[in-house]
Amino acid sequence: MTGRGRPRRAQSSKPKSDNVHLSEEKHKDLIKEQKLQEREQKKPDHTGEKPSVQSTQKETTTTHFTKEIKSPRTPKNDLKAPVQGARPKATAAKSPAKESEKIQSAKPQDTTKDLPKTTKARKCRKDKSSEEFLEVRRTPELETPKEITSIKTAEAKAKPLVEFAQETQTQPQKQKDARNDSTKSTKSKPCPGRTKSQDKSTEEPTKTKPERPEHTTNLHVARNNTADDSILYTTLEKLKIKRNDRANAAELVNEIKKHIIKHLKQNSLCFKEVEEPLCTGSYYENVKISNPDEFDVMFPIPVERVKIEGFGDDGAFYRVGLQRDRSPLQRFQERETLSASKMLDHFREEVKECVKALPEWEVTRKKKGCPAVTLTTRRQSVTISLDIVLCLVVKSSWPAFTQEGLKIDAWLGTKVKRDFKWKPFYLVPKYEGRGTVENAGVLARDVWRISFSHIEKEILKNHGSEKTCCEKDGERCCRKDCLKLLKHLLSLLKEKDPSFDKFCSYHAKTTLLHVCCSRTKDSDWRASNLSQCFQLLLEDFICHLEKGVIHNFFIPSQNLLSGVDQRRCNSLARRIREEHDNCFPVFK
DNA sequence: AACCGCTAATTCCG
DNA sequence: CGGAATTAGCGGTT
C-alpha cells in the first residue's frame, strides 16, 4: 500500500476509486494507530525522556517553562550521523573524519556537481505572491524613506572581536581579513565580520581551498574539525523530531485550530472576519528542536482604513486607530485608539469559550504583555503548548521604519525582497514594561507590536541564494542546522544559568538572518562545512552580544537586546566562547 | 483534492 | 553492515 502522503511521482497516478480510497484510509488509520502504539511500547524510554528543551520561544510568545531535559536518546552509533538518504553531499558528511579529507581531495567533484544543479530548471519561486495585493492600495510609497530614523545604537563602542578571531580561527585568512575589516565597520552591519563574502565567493574552488587550513596551529583551540563535526552531527541527530511525536502533536493541534477558527467565524461578532490561521514559529519553519511541543498560530483579523503611528522611537510598536465607523472592532476603540488589551481580553474569552468543547486543552494564565492565549494539553506525558496569537493584518505598505531592514538583496535577491514588501504586515497585542505607562495619551498596553513572522517563515523555507538550495537535486546547505545548534546551545546554557533568561531563540534566529545577509552564497553554507559555518555563526552571535546589539531584522532601529543588561550579554558571550573552545561539553 | 516539498523512518541491496 | 532508495506523513499551494 502506498502512502497517501507523497508517493514518488511515478506512482502518483495510482488508481483511486473513492470508496476504495476511503476504506483504505480507514485501514491506514488503523494501522497507524497500531504502529504508533507499537512504537510507544517499543521505546518506553522515549516518552519518558522527552527532553523538551525548554525552549527558547521567541519573545512574542510566552514563557512557559518546560520540564527537564534528559538526555534524549542517542543514536545507536554515535560516530555517524546518518543523514537521510539520497543526498550525496549529506552522505559525505556522514563520517566526519573522512569528510575533511574528502573535501580537500574531492573538491573538483564538488564543484562539477554544482553545475548541473544550478542549471537545472525550476519553477520560479514566487511569481504568484505579488498578485493578490496588486489593487490600488499599494503605492510605491514604501520606497520613500522619510525620516529614516538614524540608528542610535551602540555601534560606536563596538570593538572588533579580534582576539576571538585569533583564538578560534580554524579558518583561512579570509576570515581574518574580515575581522580586520571590522574596524572600519559599515554601519548597517552590526557585526561587520563578513563584509568580504562577496569577493571571496567569486570562485568556488579557489575559495573552498583556503577554508581548509591544513594546520591550524597558531591557536590554542586549534581544532581538528572532525572533533567538532562529530559532536555537532550527533547533536543534530538528537534534536530531530520523531515522526510519532510529530504526528501526535499535529493531530491535537490541528484539531483545536480548526475548532477555534470555526468558532470564531460562527459564534463571534468581532472576530468573524478572521482569516486563515497563520502557522508560524520554529515548528512550522522546520527548525524546531527536540520535541514538537510548542506551536504558534496567528489568527489574523483584517483591518481596513486604519491610522497607524509609531509609539516609542524604535519603530517596533504602533498605535492603531480605526477610521471606519462600521468596523466590528469599533467596540475596542477608545480615544481614537484600537485598544490592544481590550481586544486581546475579548479574544481570550472567545478562545476560552471554545476550548470548553475540547476538555483536554487548558488555558494558561494570562501573562503580562504577552500577545498569545496559550493552551496546553498532555499526551502521553508530553506537554504540548499552543500559542494562539491574535493579530491584525494590515494590507498596506510597510512602515518607514522597515526601510533599512530586510537587507536580503545580495542573498535572496531584490525581486524576492520586493515581493515580500508587497505582502501585508501584522500587528500583535504586545507591549513592554508596565501597561499603564502613558505615552502621548496612549497606554502601553494598548499598543501593537509589528510582526513579520510570515516573512521569516518564508525566508527560512526558501533560504538559498540558488533556487535549488536544499532541494532534492540541489546542494544541501547547513543554514538551518546551524540555527538549530545555536538554539540548542542557547537553551542549554539558559537551563544551566537562569540569569540568561532574557535571551531567547528569536535572538538566535535573527542573528542567523543577519549572517546570511553577509555570507550570501550557498557555497558559504555547504552542509559539509557545518562546523565552520556554525563557528562563524557563533562568532557573530558573540559579537552581537558583546556590543549588546541585535537589530531587528526588519526594523533595524529596534535593538532586540535593548532590555538586557550588558553584563549578562558579556557573560553569555563568555560562556559560548568557552563551549566552543572546549568542543561543546554541554552537548555531551 | 491533487500534488509537491521537506523530513524522518524503514527497507533494500551490494 | 552501511549507504542508497523507498515509504510515510505533515504542511503548503494551486
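The basis for the numbers below is simple: all heavy atoms, side chains too, and nothing from hydrogens, waters or symmetry mates.
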Round to the nearest Å and state the distance from [X] atom [atom1] to [N] atom [atom2].
| X | N | atom1 | atom2 | value |
| --- | --- | --- | --- | --- |
| A:Lys472 | C:dA5 | NZ | P | 13 Å |
| A:His454 | C:dT13 | NE2 | C1' | 17 Å |
| A:Ile289 | B:dT7 | CD1 | P | 15 Å |
| A:Leu239 | B:dT7 | CG | P | 14 Å |
| A:Lys238 | B:dA8 | NZ | C1' | 18 Å |
| A:Lys257 | C:dC10 | NZ | P | 12 Å |
| A:Asn286 | B:dT7 | CG | P | 5 Å |
| A:Lys288 | C:dC10 | NZ | P | 18 Å |

| said: If you count every heavy atom of other residues, nucleotides or ligands that lies below 6.0 Å from A:Glu362 atom CD, does the total exceed 12? | reply: no
Taking NZ, NE, NH1 and NH2 as the nitrogens, is one of them in [X] or [Y] under 4.0 Å from a carboxylate oxygen of the other?
| X | Y | result |
| --- | --- | --- |
| A:Glu466 | A:Lys521 | no |
| A:Lys262 | A:Glu350 | no |
| A:Lys258 | A:Glu255 | no |

Under 4.0 angstrom between [X] side-chain N/O and [N] OP1 or OP2:
| X | N | result |
| --- | --- | --- |
| A:Asn254 | C:dG11 | yes |
| A:Lys480 | B:dT7 | yes |
| A:Lys457 | C:dG12 | yes |
| A:Tyr283 | C:dG11 | yes |

| field | A:Tyr283 side, atom OH; A:Lys457 side, atom NZ - distance, nearest 0.5 Å | value | 10.5 Å
Minimum-distance nucleotide (side-chain atoms of [X] versus [options]):
| X | options | result |
| --- | --- | --- |
| A:Lys461 | C:dC10, C:dG12, B:dA8 | C:dG12 |
| A:Ala250 | B:dT10, C:dC10, C:dG12 | C:dC10 |
| A:Tyr284 | B:dA9, C:dG11, B:dA8 | C:dG11 |

